[in-house]
Amino acid sequence: MHDASLSPLEAWLARLEAAHPVDIDLGLERVAEVARRMGLLDAPVAGRVITVAGTNGKGSTVAMLEALARAHGWTTATYTSPHLLRYNERVRLDGQEADDEALVAGFEAVEAARHDGDPVSLTYFEAGTLGALHAIAARTPDLAILEVGLGGRLDAVNILDADVAVVTTIARDHAAFLGDDLEGIGREKAGIMRPARPAVLGSMALPQSVRATAATLGAPVHALGEGFQRLAVDAGWTWQGRDAEGRERRLEQLPDPGLPLDNAASALQALALAGVELDEAACRRGLASVTLPGRMQWRGQWCLDVGHNPHAAGYLAGRLAERPCRGRTIALLGMLGDKDADGVIRTLAPVVDAWVAVSLDGDRARSADALAGHLEALGQTVWHRAASPGQGADWLEARLEPQDRVLVCGSFFTVGAVLAAWASRAQTATDDRPSEGAT
């Protein structure tokens with residue numbers, strides 16, 4: 001029964017969440033069949049497709065690919081997941097979030113195709129992916145940038161052949177679906193590669209299975225530290241690599257985008273292989289303009305980052321260590337139950353003075369009490385336990401000194417809830433403000 005309080009997009013999302021018996025159901029047969037019925041496999045959805053897989057760094061790589069391509073005059077579309085505040089964040093068309101109408105039209109097309117023949121059941125993510133591809137195909141941009149949701153080989157975005165495949169990092173995460181074996185995880189993520197099409201490897205610490213997969217496919221490898229480089233210099237940084245014709249390219253005095261430079265270098269290499277004629281001035285503009293909410297996002301004393309595994313926590317700890325503060329560093333931590341809480345805590349502990357543990361909602365959630373148990377078992381100081389990230393942020397905000405700083409981390413849900421609480425408070429303040437001319 002339709003809830004009249006929901007917008008058409010919200011109603012569709014609620015419907016999709018309830019439509020499939022499980023949230024994650026890896027495999028391409030069902031989603032590929034519906035894509036075929038929708039005509040998404042008959043013609044390219046974009047002039048070029050770059051697909052990005054990896055344990056960490058996918059979101060920042062996608063954001064920099066988009067900003068750099070747009071700085072060169074290319075039209076773009078991106079598909080990412082999950083979102084922080086609005087589902088619309090997942091689909092961006094020419095730098096703007098897709099509107100509700102475009103997303104609803106996509107879901108309607110997916111639903112019609114699902115029932116065009118024997119009915120096909122789709123997960124929330126699979127239906128969302130097909131809806132996003134429908135919105136992208138309606139624009140046929142110069143470049144579509146697709147982020148893998150989970151794994152690679154069996155992820156829904158892999159129904160499209162990537163012109164350039166990017167693998168950012170490989171670490172342990174989603175163990176219930178990908179296992180703990182890094183070589184096996186590497187093979188899954190390398191499954192986005194295609195025969196004779198270039199693969200960009202964005203880390204110097206990838207398991208051998210990634211290169212082995214490329215070799216089996218005959219996919220030319222462009223690896224960080226070998227095929228392309230990022231060099232630290234006094235003013236900015238320098239990138240050197242090769243373009244699609246194999247010619248050496250070098251870009252100097254590039255600005256720090258505030259995101260991992262390995263991912264920035266990988267984005268530049270992927271764009272060069274996709275056919276973008278890299279221009280130094282355009283690259284500087286693109287890197288200077290890139291923004292990515294929830295990744296080392298600073299708002300006054302608060303740093304928000306969605307990092308939720310030890311590898312991501314290591315990057316966070318390094319960045320915080322580079323910019324010490326005069327006061328205390330307090331971590332507001334909320335994590336899902338299937339994540340490695342001990343590994344994250346141990347990694348962040350050297351740069352954190354005290355912790356606020358918060359509960360998350362949902363079937364996979366971990367309570368503040370359970371999280372506090374992990375913290376205390378590792379000898380950490382737990383200042384407070386809160387029923388939600390928003391409540392934890394409110395409690396902490398009233399007790400901060402001017403020289404303190406707060407790290408909000410552990411999950412997309414943690415960061416998203418704090419941002420939503422702040423947005424709600426700001427809206428309430430606006431609503432309470434006297435209207436112009438009031439007496």
Side-chain angles (χ1 to χ4, degrees), residues 9 13 52 54-71 76-100 103 125 128 132 145-149 168-169 255-261 263-264 267 285-309 312-313 315-316 319-320 323 331-336 358 360-361 388-390 392-394 396-397 405-427 430:
L9 177 58
L13 294 175
V52 182
T55 305
N56 297 305
K58 299 188 297 291
S60 59
T61 302
V62 169
M64 287 185 278
L65 282 165
E66 178 192 44
L68 286 162
R70 285 176 51 75
T76 62
T78 65
Y79 175 56
T80 61
S81 63
H83 58 276
L84 285 172
L85 297 176
R86 297 170 303 280
Y87 188 91
N88 308 63
E89 297 167 22
R90 298 188 180 211
V91 183
R92 289 171 59 86
L93 305 170
D94 281 331
Q96 301 296 318
E97 292 177 9
D99 58 31
D100 287 9
L103 296 174
F125 180 77
I145 308 159
L146 309 178
E147 178 189 349
V148 167
T168 56
T169 61
D256 184 346
L259 297 167
L261 291 184
N263 299 341
R285 289 196 306 274
L287 291 171
S289 70
V290 68
T291 59
L292 185 60
R295 274 74 160 193
M296 289 300 294
Q297 178 185 359
W298 285 93
R299 287 183 56 164
Q301 297 170 264
W302 298 69
C303 176
L304 302 99
D305 195 281
V306 297
H308 53 263
N309 55 49
Y315 174 75
L316 274 174
R319 290 299 296 264
L320 290 176
R323 48 183 298 177
L332 189 154
L333 182 68
M335 297 189 69
L336 295 175
V358 301
L360 299 179
D361 293 328
S388 71
D394 287 344
L396 190 50
E397 190 169 22
R405 66 181 175 187
V406 179
L407 171 64
V408 179
C409 64
S411 173
F412 274 85
F413 296 106
T414 308
V415 172
V418 171
L419 289 173
W422 287 346
S424 176
R425 186 167 62 187
Q427 183 61 51
T430 300

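- Closest heavy-atom contact between Thr76 and Ala69: CG2-CB, 3.7 Å.
- With a 4.5 Å cut-off on side-chain heavy atoms, Val406 and Gln301 do not count as touching.
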*asked:* Could you walk me through whether Lys58 and Asn263 satisfy the side-chain contact (heavy atoms from CB on, under 4.5 Å) test, starting with their C-alpha distance in whole Å, then the side-chain angles of each, then the deciding distance to 0.1 Å, before giving a yes or no?
replied: CA-CA 8 Å; Lys58 299 188 297 291; Asn263 299 341; over 6 Å; no
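- In this structure the side chain of Leu333 never reaches within 4.5 angstrom of the side chain of Thr414, judged on heavy atoms.
- Distance alone, capped at 3.5 Å, places no donor-acceptor pair between the Thr169 side chain and the Gly54 backbone.
- Partner Arg90 forms a side chain to side chain donor-acceptor pair (under 3.5 Å) with one of Glu97, His83, Glu147 and no other, that one being His83.
- One distance of note links CG of Leu93 with OG1 of Thr78; it measures 7.5 Å at 0.5 Å rounding.
- Other residues, nucleotides and ligands contribute at most 12 non-hydrogen atoms within 6.0 Å of the CG atom of Asp361.
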*So Arg425 and Asp394, salt bridge (Lys or Arg N to Asp or Glu O under 4.0 Å) or not? Walk me through it.*
CA-CA 11 Å; Arg425 186 167 62 187; Asp394 287 344; 3.6 Å; yes
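- Annotation: Tyr79, atom OH; neighbour count of heavy atoms from other residues, nucleotides and ligands within 6.0 Å is above 12.
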*Passes side-chain contact (heavy atoms from CB on, under 4.5 Å), Asn56 versus Tyr315? Steps please.*
CA-CA 10 Å; Asn56 297 305; Tyr315 174 75; over 6 Å; no
*Might you work through the side-chain contact (heavy atoms from CB on, under 4.5 Å) test for Val306 and Arg295, ending with a clear yes or no?*
CA-CA 6 Å; Val306 297; Arg295 274 74 160 193; 3.9 Å; yes
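- Classified by interplanar angle (parallel below 30°, tilted 30° to 60°, perpendicular above 60°), the ring pair Trp422/Trp302 is perpendicular.
- Leu419 is listed as a side-chain neighbour of Gln297, based on a closest heavy-atom distance under 4.5 Å.
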